[in-house]
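Both counts, for ligands and for their atoms, begin at 1 and track the order of listing. Just so it is clear, the structure is predicted and the values come from calculations on it, not from any experiment.
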Amino acid sequence: MPIYQVALPLPKRQLFDYLYEHTGLQPGCRVRVPFGPRELIGIIITTTEDSPFLNKLKPITQVIDQQPVIDKTLLSLCNWLAGYYHHPIGEVMHTVLPVALRKGESDKPKPIQVLSLIEGNQTVIPEQLNRAKKQRELYIELLERAIPVSSLKQTYTDTVIKGLVEKRIAKIESVDEQNEATEFTLPEAIEKPQPNVEQALAITAITQSLAKYRCFLLEGITGSGKTEVYLQSIEEVLKNHQQVLILVPEIGLTPQTVKRFEKRFEIEVGILHSNLTDNERLAVWQKSRSGKLGIIIGTRSSIFTPMARPGMIIVDEEHDASYKQQDGLKYSARDLAVIRAKEHKIPLILGSATPSLESLNNALTGRYQLLQLHQRAGNAQQAKQSVLDITNQPLTAGLAAGMLTRVEQHLKAGNQVMLFVNRRGFAPALLCHQCGHVEECRRCNKPYTVHKSLHKMQCHHCGAAKPLPKQCRECGHHELITQGVGTEQLTMYLEQEFPQYSAVRIDSDSVRGKAKLDNLLTEINGGAHQILIGTQILSKGHHFPNVTLVVILDADGALFSADFRASEHLAQLITQLSGRAGRAEKPGEMWLQTHQPGHPLLQDLIHNGYGHFARFALSERKLANLPPFSFHALFRTESLKAQDGFEFLSHVSQMLQHPQVHLVGPIPAIMEKRQGKYRMQLLVQSQSRGLINKVIGHFAAEIEALPMARKIRWSIDIDPQDFM
Ligand code: ADP
Ligand code: ZN
């Protein structure tokens with residue numbers, strides 16, 4: 001009987017041998033196989049003549065696919081991933097496939113629930129909707145086209161959808177998209193603005209190299225018309241009847257973004273967001289694979305979407321941290337985009353107002369082609385940036401008195417203001433006024449964050465929550481005070497100072513689920529709120545045309561961080577936040593409160609802009625021999641006993657000894673303990689990326705076989721982005 005080698009979703013760097021009565025099973029097909037007491041879904045990789053376990057081999061239980069679900073290109077991508085990230089091939093394939101396929105379901109998607117109007121093109125809005133604002137909005141959207149129920153759930157609640165159905169205005173139907181969809185066709189005429197000179201140069205550069213690999217770094221300040229450059233480049237690709245894959249950051253995938261692409265080309269855009277059902281995700285996957293979709297837009301994992309006729313890949317906000325997967329297969333979707341574009345021989349555009357130092361270095365050394373946009377499109381001006389020295393100044397809820405006056409001025413002028421604090425909750429610590437004892441999470445050794453409205457304190461590292469204590473655990477004293485400021489506290493303060501204006505908090509506590517965020521954004525741009533208080537979420541590319549003042553309360557922590565990337569991230573954050581102000585006709589200003597007004601980093605950033613800062617930061621990295629001028633890999637462990645992780649990493653360190661490899665550790669991680677587990681790490685550093693790969697690759701199986709490897713949790717992170 002023929003023997004097949006199968007990849008299984010297990011943390012093992014090997015293939016498994018199984019028997020099957022027929023020859024001819026193709027690589028990339030799924031099979032069901034017995035594994036111990038369980039049954040697993042695996043992927044056929046190859047056949048073999050001989051097996052060391054010949055008389056113990058078990059037969060394949062079921063062959064699921066006749067045609068490979070992992071085609072040749074995807075297979076070679078999987079092999080690259082397994083080799084570069086030193087990850088077990090079976091787990092790689094598992095990660096790459098849509099969940100429905102991982103579970104062994106048919107690769108033909110089931111019909112999809114779609115909401116459509118009962119009476120086609122009635123442009124007169126039914127009277128029944130006069131007092132139902134949301135239903136009315138939905139009705140207007142449905143006039144354009146029928147919409148899958150799951151994508152509606154990004155913007156509308158179930159009640160709104162049900163409302164239209166109960167009023168017999170709309171109906172939900174099952175549509176078998178596989179039969180229905182045909183290949184996309186572009187409209188006769190595509191309306192678009194005249195590009196300015198820099199845009200035109202960028203568009204020409206890109207569209208002149210459509211049939212070959214080339215990576216472009218589009219460095220353009222916020223609002224400079226990067227998206228317009230994407231749009232006009234995409235147009236040429238679609239005209240050639242090829243497909244475009246667009247990656248956007250986790251939080252950037254809003255209906256507004258998608259609509260911009262739909263509206264320009266009047267074709268269906270395949271969307272891969274986290275609210276999709278497994279079946280819907282599979283449907284988009286298949287429609288892209290068959291070439292029916294011209295544009296596919298999605299977050300990190302969409303980089304695995306197969307395309308019949310790939311023509312271009314775009315990574316928007318390429319510096320965004322969400323492109324790096326932090327657990328399991330720790331891949332960077334941006335770096336993978338480079339690999340895919342090379343493989344397909346197509347252009348890749350990386351766009352950002354604040355490019356990562358890695359990409360910038362590639363552009364400055366000529367590996368990528370640098371395209372720059374220096375001016376804001378249309379009439380909008382860049383916000384004026386300043387620092388406010390807060391040394392020795394009294395602060396209320398983190399805000400200096402002068403700043404409060406400024407906020408008031410902008411509000412009185414009828415504008416919106418935006419305030420950034422990097423902590424959610426009321427305050428990041430609770431301490432005893434008598435003895436100074438700080439309430440800490442015992443599993444993480446970190447202070448609890450106080451959430452006043454919820455009457456509890458919560459650990460932001462493990463999520464554990466407790467009621468607020470009435471007295472100190474150490475000395476019994478009753479006066480407990482909070483330290484530091486979070487979004488909740490600032491919101492309460494501003495509500496009290498400016499009761500005539502509406503304040504709204506935008507952080508992961510207040511924005512649960514995409515629908516909520518999208519609605520909030522709509523409310524804000526509709527003028528329902530004047531004071532916006534939030535965390536990082538505020539910096540992520542949303543347009544707030546009426547915001548004229550941006551205040552950053554305190555970002556000094558990052559100036560003294562143990563992470564060498566902290567200053568890069570701080571500069572990106574400040575620049576992105578500042579880019580939110582004054583986007584429309586109104587000029588804006590950005591104020592940064594700091595105890596370090598003279599800090600060279602801040603001075604450089606404020607006076608010379610991100611581009612200058614980043615080039616200087618690169619020269620510093622070069623002197624310090626840090627990435628991108630050297631390469632990193634990080635071994636991490638988590639164990640109940642700190643000693644176990646240390647021992648394991650010491651073994652690894654002995655194995656990896658090499659004259660051109662520099663090893664740091666084992667040392668405790670910056671976050672030494674989390675959820676009761678001790679965290680250690682070993683940093684592997686070298687001038688040669690190839691050498692790191694070779695050394696780790698050589699020992700990966702041996703490391704996996706260390707007795708300690710089964711007692712602890714361990715992982716390899718290639719090109720780690722943080723050392724937490
Ligand atoms: P970015 O992606 O760099 O933030 P956008 O592409 O969103 O910038 O452009 C900002 C605004 O300027 C948008 O409203 C866009 O429609 C407009 N815009 C872009 N390019 C032009 C142009 N050449 N002429 C007129 N308006 C433009
Ligand atoms: Zn904790």
Fill in: Single hit among Thr535, Asn422, Asp507 for side-chain hydrogen bond (donor to acceptor under 3.5 Å, both in side chains) with Thr487
Asp507
Worksheet item: Any idea how Phe648 and Trp714 line up, ring-wise: parallel (<30°), tilted (30 to 60°), or perpendicular (>60°)?
Response: tilted
Fill in: Contact check: His460 to the Zn ion (ligand 2), N/O/S below 2.8 Å
no
Worksheet item: Going by distance only, is there an N or O of Gly223 that falls short of 3.5 Å from an N or O of ligand 1?
Response: yes
Worksheet item: Under the side chain to side chain donor-acceptor pair (under 3.5 Å) test, which residues partner Tyr323, sequence neighbours left out?
Response: none
Worksheet item: Are Glu236 and Lys239 within salt-bridge range, i.e. N to O under 4.0 Å?
Response: yes
Worksheet item: Is there side-chain contact between Ile313 and Ile346, with at least one heavy-atom pair below 4.5 Å?
Response: yes
Worksheet, complete the sentence: So the atoms of ligand 1 within less than 4.0 Å of a heavy atom of Thr227 turn out to be 2 (O), 6 (O), 7 (O)
Worksheet entry | Distance flag, aromatic centroids of Tyr610 and Phe613, threshold under 6.0 Å | yes
Worksheet item: Using heavy atoms and a threshold below 4.0 Å, how should the contact between Ser224 and ligand 1 be classified: side chain, backbone, both, or neither?
Response: both
Worksheet item: Quick one: does Arg505's side chain get under 4.5 Å of Arg424's, heavy atoms only?
Response: no
Fill in: 4.0 Å heavy-atom contact, Gly220 with ligand 1
no
Worksheet entry | His461 backbone or side-chain N/O/S under 2.8 Å from the Zn ion (ligand 2) | no
Fill in: Atoms in ligand 1 with a heavy atom of Glu228 nearer than 4.0 Å
6 (O), 19 (C), 20 (N)
Worksheet item: For ligand 1, which atoms have a heavy atom of Gln194 less than 4.0 angstrom away?
Response: 22 (C), 23 (N), 24 (N)
Discussion item. Quick check on Arg260 - does any of its heavy atoms sit under 4.0 Å from an atom of ligand 1?
Written reply: yes
Worksheet entry | Opening angle between SG in Cys459 and SG in Cys441, taken at the Zn ion (ligand 2), to 10 degrees | 110°
